[in-house]
Amino acid sequence: MPAPQTEAFLRDFSRRWLAAWNSHDTERVLEILHPGIRWEDTVFWPEVIDGRDGMRAYVDRIWEVMPDVAFDEVQTFTAPEDGRALCLFRQYGHGPAKLAPGATFSTYGCDIFLEFADGLLSSYLAQYEITEMMRQLGALPPREDRIGGAYLLSLLGRSPAATR
């Protein structure tokens, strides 16, 4: 079980977190991560990252594919007794120039701070909407009236009935 944190610490961390990401300075992001960070963002990255050393490539790749990405806090939710917080954010900017020059995106997501050690984030989970981002950048077709997994299956040329 994670160690309890104060609400003030969790809110301050969330503020510093967004400022670090909005700075586009990899070192600033890395300095608020514990050396033994467990980073789960399998929406963007192919595997879970263990350790700060593996984070540099991840952070640099974010700046490469979304050169002007910015994050605005919508709300931070805290659970001080559990040592956790969730930062609901809006992310926006341009995607890769080679994908859709001039196209922009605006979507929502959550940064979930699962655990801290020595005042640094030591366990993280990301959740955000990448399919809507890709639609806005012109990389995926419109959803039309398809619901849930039916849209994703349609991208593979399959219908939900074909998977039974």
- Message: For a quick test of reading the model, state the closest non-hydrogen atom pair linking Leu99 to Ala139 and the distance between them.
- Response: CD1-CB, 3.8 Å
- Query: Run the side-chain contact (heavy atoms from CB on, under 4.5 Å) check on Val48 and Trp39 step by step: do they pass?
  - Reply: CA-CA 6 Å; Val48 172; Trp39 187 272; 5.8 Å; no
- Message: Tell me every residue that passes salt bridge (Lys or Arg N to Asp or Glu O under 4.0 Å) with Glu115, counting only those two or more places apart in sequence or in another chain.
- Response: none
- Item | Side chains of Met66 and Phe105 in contact at under 4.5 Å (non-hydrogen atoms) | yes
- Query: To the nearest 0.5 Å, how far apart are OG1 in Thr131 and CD in Gln136?
  - Reply: 10.0 Å
- Rounded to the nearest 0.5 Å, the CD atom of Gln127 sits from the SG atom of Cys110 at a distance of 7.5 Å
- Pick one: which of Arg90, Gln91, Glu132 meets side chain to side chain donor-acceptor pair (under 3.5 Å) with Thr107? Gln91
- Mind checking whether His24 and Val69 have side chains closer than 4.5 Å, heavy atoms only? yes
- Between Tyr124 and Leu33, is any pair of side-chain heavy atoms under 4.5 Å apart? no
- Task: Evaluate the salt bridge (charged side-chain N to carboxylate O under 4.0 Å, His left out) criterion for residues Asp12 and Arg16: first the C-alpha distance (whole Å), next the side-chain angles of each, then the deciding distance (0.1 Å), finally the verdict.
- Result: CA-CA 6 Å; Asp12 179 63; Arg16 291 183 294 121; 2.9 Å; yes
- Message: Would you call the rings of Phe113 and Trp17 parallel, tilted or perpendicular, taking 30° and 60° as the class edges?
- Response: perpendicular
- Message: Taking Phe71's backbone N and O only, do any of them form a donor-acceptor pair with Asn22's side chain (distance below 3.5 Å, no angle check)?
- Response: yes
- Message: As an exercise, state the distance from SG of Cys87 to CD of Glu73, rounded to the nearest 0.5 Å.
- Response: 5.0 Å
- Query: Just wondering, are more than 12 heavy atoms of other shown residues or ligands nearer than 6.0 Å to OH in Tyr92?
  - Reply: yes
- Side chain proximity check, Ser23 to Arg28, heavy atoms < 4.5 angstrom: yes
- Message: Donor-acceptor pair, distance only, cut-off 3.5 Å: does the side chain of His94 make one with the backbone of Val65?
- Response: no
- Query: Quick one: are Phe89 and Tyr108 in side-chain contact, heavy atoms under 4.5 Å?
  - Reply: no
- Message: Can you confirm whether more than 12 heavy atoms, excluding those of Arg61, are under 6.0 Å from its CZ atom?
- Response: no
- Message: Can you tell me how far apart CG (Leu88) and CZ (Phe77) are? Round to the nearest 0.5 Å.
- Response: 6.0 Å
- By salt bridge (Lys or Arg N to Asp or Glu O under 4.0 Å), which residues pair with Arg143, not counting sequence neighbours? none
- Query: Where the side chain of Asp25 meets the backbone of Glu27, is there a donor-acceptor pair that is under 3.5 Å apart?
  - Reply: yes
- Item | Arg11: partners by side-chain contact (heavy atoms from CB on, under 4.5 Å), with sequence neighbours left out | Glu7, Thr76, Thr78
- Is Glu129 paired with Arg135 through a side-chain N to carboxylate O contact shorter than 4.0 Å? no
- Message: Between Tyr128 and Phe44, is the ring centroid distance below 6.0 Å?
- Response: no
- Task: Verify, without hydrogens or angle tests, whether Arg52 (side chain) and Leu30 (backbone) share a donor-acceptor contact under 3.5 angstrom.
- Result: yes
- Query: Does Trp45 offer a backbone N or O that forms a donor-acceptor pair with the side chain of Thr42 under 3.5 Å?
  - Reply: no
- Interatomic distance, OG1@Thr26 vs CH2@Trp63, rounded to 0.5 Å, equals 6.0 Å
- Answer yes or no: are there more than 12 heavy-atom neighbours, outside Leu156 itself, under 6.0 Å from its atom CG? yes
- Pro67 and Gly95: which non-hydrogen atoms are nearest, and at how many Å? CD-O, 4.0 Å
- If you round to the nearest 0.5 Å, how far is CG of Asp41 from CD1 of Ile49? 8.0 Å
- Quick one: does Arg84's side chain have a donor or acceptor within less than 3.5 Å of a partner on Leu114's backbone? yes
